[in-house]
Amino acid sequence: MSVGLQCVILVREMNRSLLENRFKEVMIPSVLIGIITNVILTTFFIAIEAFFIALSPALWALLFIVYFQLLKREILTKKQMGFLVAYSVLLEVFILTYFSGWSSGFYYYLFLFPAIFLLNLDWEKWKNVFFNLSIAILSLLLCFFLYEKKAIHPISEAVTALVWLFNSILSTLVMVVVMVCFSITIKRKNEALVHVNLVLENNNKEIVGQYKKIEILLKEVHHRVKNNLQIISSLISLEFGNVESEEARKVLSESRRRIEAIALIHQKLHQDSSFNKVNIRYYIEDVMAIQREINPTVNCTVSSPNLIVDLDTAIPLGLIISEIVTYSLKYNFNQVEDPELEVLLSIEEGSVELLVKDNGIGLSDGFDLNKPDSLGIEIVTALTAQIDGQIEGFNNKYRGSCFKVKFEHQPLSL
């Protein structure tokens, strides 16, 4: 497994773990606070002899204990528990306010809901909207029905004032505890993120180092392949002088040219900033420059955009261009004054079209790509199939021949 893939998996797993731990660290303290708060409220109402009102927080304390067990055993998800706890608190506030009156101050606990929302920033958008909107609507309904309403269960004004003070202090303490839990959660998350960043930084350095080593190695490989091909070309040249048969000399010459065409591709790969991609325009210009030196009487022109191709396309395409150019020079310029050779490359809608034109005598009447009359055309046909392309050979309208090669290509960049 590559280092880059390991980094991606590591970050994904750590993010998933952080989210799960965050909900767990938020919900468990929230449920425990609910239990403790209701136990305190029950004790307080018993102490002031408001036994009927004390039944409500006592029952809610038991309910929150059930919530805690469900959460601990993971019977409900953390998000489901978040909704359940929030609506339970809202219902409890409604019941206690109904029995003890608005002035008892139980509505203070409604201010805890923004904190619960703050602790669950990882909810999906629709859940955030639904949660906040529902809480706001239910809180408004609570105010509408119970605002300044007197207690159903009669308690004295002194006791009511004491309950109000107790609720204000207790709700403030709960808010402080929630904020402390939130700050601890954020701190742990930040520490985890710092650790992840350090791991990523170290792995990125390792990746960059490996990439540079691979780049240097592959450039050296292309350089050595080019040198080896040039050595083979030189050996063929030496053998060329020892061969008397004209047919054999012709075969050696063609073989040497093809080897040099491949060597030129590897030279481009070695020279370019990218070790596995080539700007084919520069390759065509170099091929035609060589032909100008060999055949100074031939007017060679090139028209091509900057087309970046990968190694699997560059070598076959380079050989195709070299073979077609050689075929035109070899067969189509007999007794032709002012010979011209033109190579056109164009890109349109994800496909590349290569045209090699000449003003020579044209293709013979019986010319058939499926039954080539030369090894060069046979090689061109095979290489065109290798890059999943199509090839056509036909005569120009006025004079000369034209070969058209078309293949699909996705844009690349160096």
Among residues at least two apart in sequence or on other chains, which ones pass ring-ring contact (aromatic ring centres under 6.0 Å, His included) with [X]?
X	result
F52	F99, H153
F44	F166
F407	none

Sequence neighbours excluded - ring pair (Phe, Tyr, Trp, His ring centres under 6.0 Å) pairs with any residue from residues 289-332: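 Passing the test, one end in residues 289-332: Y327-Y331, Y327-F403.
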Qualifying residues under side-chain hydrogen bond (donor to acceptor under 3.5 Å, both in side chains), relative to [X], sequence neighbours excluded:
X	result
Y107	none
W102	none
T313	D310
N396	none

Any side-chain heavy atom of [X] within less than 4.5 Å of one from [Y]?
X	Y	value
W164	S104	no
V405	I324	yes
S139	L90	yes
I280	L345	yes
W60	L91	yes
L329	L341	yes
V302	R281	no

Salt bridge (Lys or Arg N to Asp or Glu O under 4.0 Å) partners of residues 191-200, not counting sequence neighbours, each pair once: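 As it turns out, there is no salt bridge (Lys or Arg N to Asp or Glu O under 4.0 Å) pair with a partner in residues 191-200 once direct neighbours are skipped.
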Selection residues 380-392 - residue pairs positive for salt bridge (Lys or Arg N to Asp or Glu O under 4.0 Å), sequence neighbours left out: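 As it turns out, the salt bridge (Lys or Arg N to Asp or Glu O under 4.0 Å) pairs with a partner in residues 380-392, which skip direct neighbours, are E392-K404.
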Backbone of S168 reached by a side-chain donor or acceptor of T172 within 3.5 Å: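 Side chain of T172 to backbone of S168, a donor-acceptor pair under 3.5 Å: yes, one is there.
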Check: L363 main-chain N/O paired with N395 side-chain donor or acceptor under 3.5 Å: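 Pair found, side chain donor or acceptor close to backbone of L363.
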Spacing of [X] atom [atom1] and [Y] atom [atom2] [to the nearest 0.5 Å]:
X	Y	atom1	atom2	answer
S303	I284	OG	CD1	9.5 Å
T381	I320	OG1	CD1	9.0 Å
N299	E342	CG	CD	9.5 Å
L317	H409	CG	NE2	9.5 Å

Full working for side-chain contact (heavy atoms from CB on, under 4.5 Å) between L41 and F106: CA-CA 11 Å; L41 285 172; F106 281 103; 4.0 Å; yes
Only pairs under 3.5 Å count here: list side-chain donor-acceptor contacts from residues 351-361, not counting sequence neighbours, and write none if there are none.
residue, atom, partner, partner atom, Å
S351, OG, E348, O, 2.8
D358, OD1, G360, N, 2.9
D358, OD1, S401, N, 3.0
D358, OD1, S401, OG, 3.4
D358, OD2, S328, OG, 3.1
D358, OD2, N332, ND2, 2.9
D358, OD2, S401, OG, 2.6
N359, OD1, E340, N, 2.7
N359, ND2, D338, O, 3.0

Looking only at heavy atoms, what is the nearest atom pair of [X] and [Y], with distance?
X	Y	value
G393	L369	N-CD1, 3.7 Å
P316	L383	O-CD1, 3.8 Å
E323	V380	CB-CG2, 3.3 Å
F94	L146	O-CD1, 3.7 Å

E408: salt bridge (Lys or Arg N to Asp or Glu O under 4.0 Å) partners, not counting sequence neighbours: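 Listed in chain order: nothing, the list is empty.
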